[in-house]
Amino acid sequence: MPANRGILACLITVVLAACLQPDNSILIGLAGPFSEPAGRSMRLGAELAVSEINERGGVRGRRLELLSYDDRGQAATAVQMARRFRDNNSVLAVVGHAQSITTMAAAPVYNSEPNPVVAISPSASSVDLRRAGPYNFRVCPDDVAHAQALAERARAQLGIRRVATLYHNDRDSRTYAAVFRRAFTELGGTLLAEDPFSLALPSFEPYLTRAATRGRVDGLLIIGGGTIIGPILAALDSLGSRSTILGNMDLLRHAQTVGRDLEGSLLSTAYLSERTAPENVAFVTAYLQAHGGQRPDQTAAGSYDIVHLLANAFENRGPNRASVRRYLSGVGTVTEPFEGATGSIAFDADGNVRRISVDVGLVREGTIVPLPER
């Protein structure tokens with residue numbers, strides 16, 4: 001009997017999938033830099049979720065489909081893509097954008113009346129996203145959470161005592177630097193230097209040399225400067241520095257783009273695939289099977305969770321734009337938190353996750369691995 005019931009369940013799933021209405025599908029927008037690694041994995045995670053939902057019968061007997069636009073990681077392009085989504089009444093919600101700059105640029109479009117549309121980012125961490133508008137949500141921690149976690153792990157688990165900071169002179173980077181400074185010094189660490197920089201700087205050696213005159217630099221925190229990681233590493237090589245690089249996932253992505261090695265660096269990320277929660281284990285298993293053993297990253301897990309969360313909204317409140325926003329605004333208050341691969345998702349009044357962990361790990365052979373327990 002158990003075997004027969006299993007066969008019957010499989011047959012029901014196949015029949016449901018076959019009976020989905022292709023001419024009456026529910027359309028979700030997907031926007032990200034698909035020519036870049038983060039964008040490609042974002043697309044793969046969303047496609048996996050859509051496949052799973054359609055295989056089990058879709059939503060109210062209707063297929064989910066993705067309409068994908070490449071924003072190229074550029075603010076102006078993101079605005080154009082957002083207008084296409086907003087003006088297409090068939091698009092009921094948007095998964096995107098991946099980066100803070102594109103998410104913030106597109107936010108006024110998604111929130112514009114008379115026909116706003118929900119946009120949920122898997123990875124935009126800017127603190128300013130809190131004020132982007134009522135139709136913007138995200139399923140990742142913000143820069144404040146990243147800075148706090150990185151400072152704690154650097155002191156407690158690696159024993160880093162003296163840090164110099166280089167930060168891009170913008171609002172997000174200044175906020176990150178201030179949070180890290182407070183947390184790190186409260187834990188007994190010393191900040192030897194804290195310097196803003198311009199992307200047009202010819203060399204970073206003067207900054208690093210000055211910091212070294214104040215004591216041995218155990219760690220170099222780089223904030224908002226992923227695109228200039230090459231020149232910074234070149235300056236460290238020239239000075240023979242052995243400082244541990246501190247930062248976030250953007251540093252690793254840009255270092256790989258310019259062919260540089262960040263082995264041994266301490267980086268924060270919103271997600272590591274080694275998490276043991278059952279929802280993540282199931283996701284990682286499916287992702288590995290679907291993509292030839294390639295492990296998922298933050299944007300893959302985030303977009304996967306977002307699609308499943310939107311399917312819940314369509315199922316419970318109906319497939320229309322206004323009901324999606326009402327449902328999301330109540331996740332964690334009106335309804336139970338959504339348990340996904342990235343963790344337990346509950347939204348506050350600004351569309352941010354209330355409690356979500358930040359992972360901090362070491363770079364080993366081009367990827368981030370969990371810190372060893374002490």
Exercise. Establish, yes or no, whether a centroid distance under 6.0 Å links the rings of F283 and Y287.
Key: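 Judged by ring-centre distance (under 6.0 Å), F283 and Y287 do meet the cut-off.
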
Quiz item: For the residue pair F197 and F204, is the inter-centroid distance of their aromatic rings smaller than 6.0 Å?
Solution: yes

Do you see a donor-acceptor pair shorter than 3.5 Å between the side chains of [X] and [Y]?
X: S273; Y: R295; result: yes
X: Y69; Y: Q80; result: no
X: R86; Y: S112; result: yes
X: H146; Y: S268; result: yes
X: Y110; Y: H97; result: yes

Under 3.5 Å, side chain of [X] to main-chain N/O of [Y], donor-acceptor pair present?
X: N54; Y: L64; answer: yes
X: R40; Y: S35; answer: yes
X: T285; Y: V281; answer: yes
X: N111; Y: A107; answer: yes
X: Q148; Y: A183; answer: no
X: S243; Y: V217; answer: yes
X: T213; Y: R210; answer: yes
X: D305; Y: T342; answer: yes

Quiz item: Which residue pairs pass the salt bridge (charged side-chain N to carboxylate O under 4.0 Å, His left out) test with at least one member in residues 127-144, sequence neighbours excluded?
Solution: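 Sorted result for residues 127-144: D128-R131, D128-R171, R130-D142, R130-D348.
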
Practice problem: Keeping to residues at least two apart or across chains, list the salt bridge (charged side-chain N to carboxylate O under 4.0 Å, His left out) pairs with something in residues 268-282. | Solution: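 Only R275-D359 qualify under salt bridge (charged side-chain N to carboxylate O under 4.0 Å, His left out).
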
Taking all atoms of both residues into account, what is the closest heavy-atom pair of [X] and [Y], and its distance?
X: F34; Y: G39; result: CD2-O, 3.3 Å
X: S323; Y: G318; result: OG-O, 2.6 Å
X: L191; Y: R181; result: CD2-CG, 3.7 Å
X: L288; Y: Q294; result: CD2-O, 3.4 Å
X: T103; Y: A124; result: OG1-CB, 3.5 Å

Quiz item: Can you name the residues that form a side-chain hydrogen bond (donor to acceptor under 3.5 Å, both in side chains) with T175, not counting sequence neighbours?
Solution: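 Result, side-chain hydrogen bond (donor to acceptor under 3.5 Å, both in side chains) vs T175: none returned.
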
Quiz item: Which of parallel (below 30°), tilted (30 to 60°) and perpendicular (above 60°) describes F347 and F137?
Solution: perpendicular

Quiz item: Name the one of I160, V179, T190 that satisfies side chain to side chain contact (heavy atoms under 4.5 Å, CB included) with F184?
Solution: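 The option that passes is I160.
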
Quiz item: If you group Ile, Leu, Val, Met, Phe, Trp and Tyr by side-chain heavy-atom gaps below 4.5 Å, do L236 and L267 land in one group?
Solution: yes

Practice problem: Go through the steps to decide whether M42 and V95 satisfy the test side chain to side chain contact (heavy atoms under 4.5 Å, CB included), and finish with yes or no. | Solution: CA-CA 9 Å; M42 177 183 177; V95 181; 4.2 Å; yes

Quiz item: Hey, mind stepping through R321 and V118 against side chain to side chain contact (heavy atoms under 4.5 Å, CB included) and telling me if it holds?
Solution: CA-CA 7 Å; R321 290 184 176 185; V118 159; over 6 Å; no

Quiz item: Do L233 and L262 have side chains that get closer than 4.5 Å, going by heavy atoms?
Solution: yes

Quiz item: Yes or no on side chain to side chain contact (heavy atoms under 4.5 Å, CB included) for L362 and L371, after CA distance, side-chain angles and deciding distance?
Solution: CA-CA 6 Å; L362 292 170; L371 279 171; 3.5 Å; yes

